[in-house]
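Heads up, the thing below is written out as structure tokens.
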Amino acid sequence: MTSPDPGTVDADELRRLLRELSGDLRSRRRFVQTYVEMWPTRLARLGAALDADDTDESKVVLLSIRSSSVMLGVIGVAGLASAGLQAIELGRLERAREIHTALQEVGRRSCERLLELDAADAAES
């Protein structure tokens, strides 16, 4: 098991989502699982869009990544997605590609941390 990286996921935000779901841990766990399962696909879609210089698709993917990350408290990924959107808006596709590279590592660590936090919450209930 990896050591926790508190900089990638805000545990308080993850627990806030649980409260917003009226304590429905099963629903939150499905959301976490879906986020983790979709991560490689989202990352691949972003890479393909950037390789094709498709700014519209890049923005769609980055918006999706940012929105779901904010909901789960995945702050590092949300921040990078925002930076990627800004880079695209400024026409800085090379910067957006650098951000895609950074998202690979931060996203991997964040998915691991999400699963750890989710399992800890499940164990407590």
Side-chain angles (χ1 to χ4, degrees):
M1 180 179 273
T2 62
S3 60
D5 183 0
T8 59
V9 179
D10 183 338
D12 291 336
E13 282 298 306
L14 186 60
R15 290 188 188 104
R16 181 196 51 74
L17 176 61
L18 182 59
R19 286 190 305 276
E20 288 180 5
L21 292 169
S22 300
D24 185 353
L25 186 60
R26 191 183 300 150
S27 290
R28 195 200 65 190
R29 295 196 85 194
R30 278 194 306 267
F31 191 31
V32 167
Q33 193 63 40
T34 299
Y35 181 94
V36 170
E37 288 172 359
M38 289 181 64
W39 179 250
T41 301
R42 285 179 171 159
L43 200 57
R45 277 183 61 201
L46 178 59
L50 289 169
D51 288 346
D53 293 334
D54 186 341
T55 57
D56 288 340
E57 176 67 4
S58 296
K59 286 192 255 183
V60 167
V61 176
L62 285 166
L63 284 168
S64 173
I65 289 171
R66 183 178 69 183
S67 297
S68 58
S69 296
V70 166
M71 289 178 69
L72 287 170
V74 186
I75 54 176
V77 169
L80 284 170
S82 290
L85 284 164
Q86 182 179 28
I88 290 168
E89 290 295 328
L90 295 172
R92 299 183 60 212
L93 291 183
E94 192 53 43
R95 177 65 184 135
R97 288 181 184 94
E98 292 169 1
I99 290 166
H100 174 258
T101 299
L103 276 169
Q104 293 174 27
E105 178 60 22
V106 173
R108 181 192 61 75
R109 287 193 339 254
S110 296
C111 286
E112 290 173 357
R113 183 66 176 144
L114 266 176
L115 292 172
E116 289 172 1
L117 290 168
D118 191 55
D121 285 351
E124 287 179 13
S125 57

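Just the heavy atoms: all of them, side chains too, but no hydrogens, waters or symmetry mates, feed the values below. None of the values given here were measured: they were computed from a predicted structure.
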Supply the members, apart from L90, of the Ile/Leu/Val/Met/Phe/Trp/Tyr cluster built from side-chain contacts under 4.5 Å; use none for a lone residue.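 When side chains under 4.5 Å apart are linked, L90 ends up in no cluster with other residues.
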Return the set of residues passing side-chain contact (heavy atoms from CB on, under 4.5 Å) with [X] (not counting sequence neighbours), or none when no residue passes.
{"X": "L18", "result": "L25, R28"}
{"X": "A11", "result": "R15, L117"}
{"X": "S64", "result": "R42"}
{"X": "R95", "result": "A87, R92, E98, I99"}

For residues 29-38, pull every pair meeting salt bridge (Lys or Arg N to Asp or Glu O under 4.0 Å), keeping only residues two or more places apart or in separate chains. R29-D118
Residues pairing under salt bridge (Lys or Arg N to Asp or Glu O under 4.0 Å) where one sits in residues 65-85, two or more places apart or in two chains, turn out to be none
Which residues share a side-chain hydrogen bond (donor to acceptor under 3.5 Å, both in side chains) with [X], sequence neighbours left out:
{"X": "S69", "value": "Y35"}
{"X": "D24", "value": "S27"}
{"X": "Q86", "value": "none"}

At what distance, to the nearest 0.5 angstrom, does [atom1] of [X] lie from [atom2] of [Y]?
{"X": "L80", "Y": "L85", "atom1": "CG", "atom2": "CG", "answer": "11.0 Å"}
{"X": "L46", "Y": "D54", "atom1": "CG", "atom2": "CG", "answer": "10.5 Å"}
{"X": "S58", "Y": "L63", "atom1": "OG", "atom2": "CG", "answer": "10.5 Å"}
{"X": "I88", "Y": "L62", "atom1": "CD1", "atom2": "CG", "answer": "5.0 Å"}
{"X": "I65", "Y": "S82", "atom1": "CD1", "atom2": "OG", "answer": "11.0 Å"}
{"X": "L72", "Y": "R16", "atom1": "CG", "atom2": "CZ", "answer": "9.0 Å"}

Test salt bridge (charged side-chain N to carboxylate O under 4.0 Å, His left out) applied to D53 - qualifying residues, sequence neighbours left out: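 Salt bridge (charged side-chain N to carboxylate O under 4.0 Å, His left out) check on D53 returns R97.
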Assess the residue pair R113 and E116 against the criterion (salt bridge (charged side-chain N to carboxylate O under 4.0 Å, His left out)); give the C-alpha distance rounded to whole Å, side-chain angles, the decisive distance to 0.1 Å, and a yes or no. CA-CA 5 Å; R113 183 66 176 144; E116 289 172 1; 3.4 Å; yes
Taking the side chain as every heavy atom from C-beta outward, state whether L93 and T55 have any atom pair closer than 4.5 Å.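 The answer is yes; the side chains approach within 4.5 Å.
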